[in-house]
Every structure is written in structure tokens, then in C-alpha cells.
Amino acid sequence: MTNSDNILEASGIVKAYGRGETRTEVLRGLNLSVRAGEFLVVMGPSGCGKSTLLHILGLMGRPHAGTVTFGGKVVGDGDAERNAVRREQIGFVFQRFNLLSVLSAVDNVRISLKVRGRADVNGRVEQLMDLLGVTHVARRKPGRMSIGEQQRVAVVRALAHEPALLLADEPTGNLDSASSDALLDLLRKINRDSGQTIVMITHSVDAAGRADRILHMKDGQLREQS
Amino acid sequence: MASLPLANILHHKLRSLLSAIGIGIGVCMLVTLSGLADGSLFEIAERMESVNADLIVVPRGLADDTVTFSGVGLSERLGDYIREAFPDRIRRAVPVFTWSMSVGGEAHRVTAVQPGDWDVLTNNAPISEGRIFDPDGTFAAWLQRRLLSPEAAGVAPTADDLRAHGGLELVIDSRLAARAKLGVGDTVESNDHTWTIVGITPAGVITRVLMPLRTAQYLFGTGDITKCTMIFLNLANGADPASTRQAVAEDIGQDVIFVSSYRDMLASRWAPMFTYVNIVNTVALMIAFLFAMTTLYTMVLERTRDIAILKSCGAGRAFVIWQIVAEGLLLTASGMVIGLALSAMADWAVERYTLLTIDISPRWIGMATLAALAGAIASSLYPAWRATRVDMAEVLTYE
């Protein structure tokens with residue numbers, strides 16, 4: 001059963017690493033629902049499977065069992081369908097920013113639009129760069145930007161195609177506290193102002209404080225914070 | 001927006017330059033070696049085709065050796081006979097004697113001809129400096145008198161006699177003159193004689209060195225000044241070359257070939273050299289593209305994170321493959337430009353410092369382009385396929 005308010009649902013997700021005696025199940029029949037417009041945070045100790053879950057939700061990895069439903073439709077196993085959903089509906093922000101080092105900030109954003117077959121409609125890229133305070137580094141390559149600037153450019157890239165869901169994997173993990181606070185405030189603002197759905201993984205209690213809902217991962221399952 | 005393949009190439013300038021040079025060397029070898037083989041051989045053919053003649057009479061059984069045959073082979077009186085036997089079909093019959101001699105430190109094929117036949121042999125090529133040898137035929141007449149008159153029998157003319165009567169004169173072409181730094185009035189020592197250069201003709205005539213027929217017959221033949229190596233036949237207007245060739249050959253019992261077949265005879269005679277050149281070219285191209293493939297493969301290994309980023313944005317297999325293939329094509333295009341520039345430099349240097357000719361023809365440039373494109377695509381596909389196998393989750397999380 002799916003709830004029409006939910007943009008994303010994961011059901012019975014199982015994921016294991018290793019084989020035989022070394023096999024370790026990191027996700028054990030995990031269930032998750034994300035409502036449209038929600039800012040959801042997943043917390044948990046290192047190695048508990050948070051990133052693995054995010055990759056499965058973002059269709060970058062496949063579970064051994066379970067289904068992912070996006071916009072009310074179960075996502076199949078074919079590369080083409082998974083690529084299409086990822087291309088159209090999802091934006092990623094990674095802990096290590098993952099910008100292309102040979103391209104300028106603005107070209108990093110534009111190539112992600114090109115991959116997605118999108119154009120820069122109504123100057124959205126410029127607006128986002130302005131909103132995130134990175135207009136001044138638009139022509140710079142990542143090597144000539146600060147860590148905070150790189151992460152904000154990564155956020156612009158993740159949002160440029162107006163995804164239904166923004167997945168953020170420890171986005172403040174490499175930032176100092178000032179940059180971290182600024183970025184989290186921006187994410188919260190984007191969530192509130194435009195109803196952008198965000199699922200963020202973090203260790204930071206401060207970061208979690210901006211969320212609408214916090215889930216804790218333990219023993220391969222998610223538990224709602226009481 | 002900047003193209004990612006172009007941005008990658010510009011970002012790794014030294015590596016890209018080395019890769020392009022590697023491809024360029026392969027292209028240069030293909031164009032230059034092939035052009036050298038074609039140019040040097042076909043320049044000889046073009047010079048033979050510059051003779052204002054249609055047929056060549058050669059000794060029976062030696063048709064296939066026309067390109068290398070020299071010395072005594074036929075009686076020059078055969079030319080007079082052919083002209084008289086076929087007055088409606090043969091306008092001129094020009095006996096020539098071919099030999100080789102060293103001029104300017106290099107051996108050259110020499111063509112000897114009667115001064116009166118200069119117009120047929122060179123197709124009226126002008127003398128750009130000086131004059132033709134024995135211009136009024138006085139030397140030829142003197143030597144004929146000396147050798148054929150009964151009172152002179154048994155008294156061979158000496159080198160001084162030949163020199164005094166203008167028999168040791170040469171005309172050389174402009175490329176040899178420039179290369180050997182020789183001009184009108186200079187002398188050269190060759191074949192135990194001292195020769196005087198009396199004229200320079202533009203390059204393109206039958207051989208780079210020309211001399212009086214009687215001199216060559218007397219010095220390089222048997223001493224009999226009625227023998228020649230071959231006879232060029234200039235056909236009368238309207239005469240059919242094929243039927244005339246057959247008729248003359250049957251009548252005189254010697255081989256008669258078309259001047260136009262000389263090119264094919266050269267190519268056939270030197271076929272092993274073309275095979276050798278083709279093998280060398282193939283090896284050069286293979287090395288160039290293995291070099292490119294190694295570069296692209298290394299690039300893919302180094303760039304797994306970039307490829308994973310593109311895939312995380314939803315890039316499909318075709319997009320990823322195109323990024324790698326496009327980079328290979330850009331490198332190859334750069335290599336083509338470098339290779340053609342190197343070829344042009346090689347062409348200039350070879351023609352400046354040697355008497356060889358490189359024929360950089362559109363055909364070989366086209367071949368090199370096709371080979372380079374095919375090589376670029378072939379050498380990019382495996383690295384590109386590897387790129388599509390990148391596990392983005394693993395790379396973006398743990399790298």
C-alpha cells in the first residue's frame with residue numbers, strides 16, 4: 001500500500017555485504033516513508049548503513065530485497081528506468097562535494113542539466129547561485145574555491161533541475177561550524193520556501209535540529225525519535 | 001558551456017600534448033613514408049611521361065626491365081627504319097642511350113640524345129640557363145667522321161679530343177644544380193672524365209643529367225656509335241597507339257611498350273617496397289593508437305570519480321561512452337594536425353636537403369584521417385566501456 005502524500009517509500013529493504021561467515025546485513029527489512037515537502041534527517045553511528053540506505057533511496061545501489069516506490073510507482077530493476085528517475089527526480093549532495101575538477105562552478109551545474117536533458121530555464125542557475133552566495137565563484141574551478149563554496153555549488157547543482165527529492169549524505173561533514181550552520185540554514189530555507197523534500201544523513205545533532213522529523217538507524221532498522 | 005572532453009584535455013595539457021604527439025608521429029610516418037615512396041617513384045614516372053612520345057621500343061624480352069635497363073640494346077638505325085616503314089603513323093623516332101654517372105656526389109641516371117631530338121625528349125623544355133650541349137651538332141659530325149672514315153680507322157679519339165670538340169658537355173636539371181651547388185661553366189669529375197656543365201633545365205625532364213648521344217655511345221657502349229638503349233616513338237596525329245604498337249612490334253621483332261604503362265611498371269617493379277612501407281606504416285599506426293589507448297585507459301582509471309558523478313546525475317551509458325570517445329577523437333584530431341605539420345616539415349626538409357620527392361597527396365591525407373578516426377574510436381571504446389562499469393555508490397562514498 002502506498003500513501004499518496006508520500007513522495008518516497010522503501011519497503012522491506014535488505015542489504016548485506018560479504019559472503020558466508022563474513023556476510024553482514026546492514027539493512028534488515030527496513031521500511032521508510034518520506035512525505036512531500038518534508039525535511040527528514042537520518043542519524044546513526046558510523047557504519048550502521050546510513051549511506052547505504054541513501055544510495056538505495058537514490059537508486060545508486062540495489063537492495064538484495066525490498067522495493068523502492070517513487071511518486072507512487074514502484075521503481076523497477078532496469079538501468080534505464082532507474083537512470084530516468086534519478087535523472088529527473090533526484091538531486092544529490094555528497095559529503096565530499098564531488099564537483100568535476102576540470103570545470104568551473106557554473107559549468108559543473110550546467111553539465112548536470114545537460115546530462116538531464118534540461119536547459120537553464122528562467123535563469124534558475126543564476127538565481128540559485130545567488131541564493132547560495134556563490135555567484136562570485138561561478139567562473140572558478142573547484143581547486144580555487146573554499147570548502148564551503150564547493151559544497152554550496154554542489155547544492156546548486158543538486159537543485160538546478162528542480163528535483164522532487166534532495167538526498168544529502170553528511171553535507172556538513174567536511175565543513176567548519178560556521179559554513180556548516182550557513183549551509184543548514186540555507187537547506188532549511190529552501191525546504192520551507194519552496195517545499196523542497198530533503199532527506200539528509202548526518203551525525204550532527206545541530207543539523208538534525210533543523211529537521212521536521214528525525215529517524216535513528218540501529219540494527220539495520222529505522223526508529224522514529226521519540 | 002565548456003565541453004567536458006575539451007576541458008579534460010586542456011586541464012591535462014602535458015599528457016594531452018604527449019598523446020597528440022604520439023598519434024601525430026604515427027600519422028606523420030604514414031603520410032611521409034607513403035608520400036616518399038609514391039613521390040620518389042612516381043616522380044620518375046612523371047619525368048618519363050614528360051617525353052613527347054607515345055611508345056618505347058626496347059630489346060625483345062626486356063620490356064619488364066625497362067625501368068632499370070641501360071646501355072647497348074638496339075641499333076639506332078631501327079628508328080629510321082620504323083619511321084620509313086610506318087610513315088603515316090610515326091612522326092619521330094628518337095634513339096636514346098641511358099647510363100648512370102655520379103654528379104654532385106650521388107649516382108644519377110643519365111639520358112643521352114641527339115641535340116636535334118631535344119624537343120621530343122624534353123617536350124620543348126626551355127634551357128633556363130646556358131645552352132644545350134653540342135647545339136649545332138658539330139661534335140656529333142666530327143665523331144662520326146673520326147670513327148667511320150676509312151683513314152681514321154684504328155685511331156681512337158682521346159678524352160682531350162672529345163673535350164676539345166664539345167663532347168664532354170652536360171645539361172643538368174635545376175634541383176640537382178641547387179642541391180650540388182653547380183652552375184653553368186662548372187666542371188664535374190665522373191666516369192674517368194672531366195665534364196663541363198653547359199646548361200640547366202627546369203626539373204621535370206626525363207632525367208636529372210643529359211648528355212650528347214654520341215658521347216654516351218662512344219664512352220659507355222661498345223664504341224659503336226650506332227647503338228642505343230631504347231627508341232621513343234612520337235605518333236602522327238590520328239594514329240591509334242594500340243594498333244601501331246602491335247604493328248611495329250610484329251614488324252621489327254622487338255618489344256614495344258606504351259609510355260603511359262611506365263608508371264605501372266615502376267609500381268610493379270617496386271611492389272615489395274610498397275609492401276614494406278605499408279607494413280612499417282601499419283606498425284607505426286598501431287604503436288600510435290596503443291599509446292592513445294593506454295592514455296585513455298589511464299585517464300578512465302584516474303577519472304572514475306568524475307564518471308560516477310555524471311552517473312549519479314543520471315547519465316546513461318551512451319553519454320558516458322561519448323565523453324570518452326569524444327576525448328579520444330579530440331586527441332586524435334590534435335594528433336592529425338601535429339602529424340600533418342610534421343609531414344609538411346619533413347617534406348620541406350627532404351626536398352631541401354635531398355633529391356627525393358615526397359608526394360603528400362589528398363589520398364594519403366584521407367587515408368591517414370580514416371586510419372586515425374578508426375583508431376581513435378577503436379582505442380576509446382574499451383576505456384569507455386570500462387567507464388560505464390564504474391560503481392558510483394562505491395566511488396562517491398569511499399574514494
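Basis for what follows: all heavy atoms, side chains included, without hydrogens, waters or symmetry-related copies. Chain letters run A, B, ... following the sequence lines, proteins first, then strands; residues in each count from 1.
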Practice task
Pick one of side chain, backbone, both or neither for A/L99, based on which atoms fall under 4.5 Å of a heavy atom in chain B.
Solution key: backbone
Practice task
Would you give the length of the straight line joining atom CD1 of A/I111 to atom CG of B/L4, rounded to the nearest 0.5 angstrom?
Solution key: 4.0 Å
Fill in the blank from the handout: Distance col, row B/S312:OG vs A/F94:CZ, nearest 0.5 angstrom, shows 4.0 Å
Problem - B/L396 side chain near A/M60 side chain, heavy-atom distance below 4.5 Å - result: yes
Handout entry: Those residues of residues 139-161 of chain A, ordered by number, that approach chain B below 4.5 Å (heavy atom to heavy atom)
Key = A/K141, A/R157
Exercise for the section: Kindly give the heavy-atom pair with the smallest separation between A/L103 and B/A7, and that separation in Å. Expected result: CD2-CB, 3.5 Å
Handout entry: Counterpart residues, side-chain hydrogen bond (donor to acceptor under 3.5 Å, both in side chains), relative to A/S194 (two or more places apart)
Key = none
Practice task
Report, as yes or no, whether the 6.0 Å neighbourhood of atom CD on A/E126 holds more than 12 heavy atoms from other residues, nucleotides or ligands.
Solution key: no
Handout entry: Distance, nearest 0.5 Å, that separates CG of A/N98 from CG of B/D306
Key = 9.0 Å
Handout entry: Any B/L310 side-chain heavy atom under 4.5 Å of A/L100 side chain
Key = yes
Fill in the blank from the handout: Nearest heavy-atom contact between B/R317 and A/D79 is NH2-OD2, 3.9 Å
Problem - Residue-level interface, residues 80-91 of chain A with chain B, non-hydrogen cut-off under 4.5 Å - result: A/N83, A/R86, A/R87
Problem - Neighbour count above 12 (heavy atom, 6.0 Å) for B/M345 CE - result: no
Side-chain donor/acceptor pairs under 3.5 Å, residues 167-174 of chain A, sequence neighbours excluded:
from   : atom 1 : to     : atom 2 : distance (Å)
A/D169 : OD1    : A/S51  : OG     : 3.2
A/D169 : OD2    : A/S51  : OG     : 3.0
A/E170 : OE1    : A/H203 : N      : 3.4
A/E170 : OE2    : A/H203 : ND1    : 2.6

Handout entry: Neighbour count above 12 (heavy atom, 6.0 Å) for B/R389 CZ
Key = no
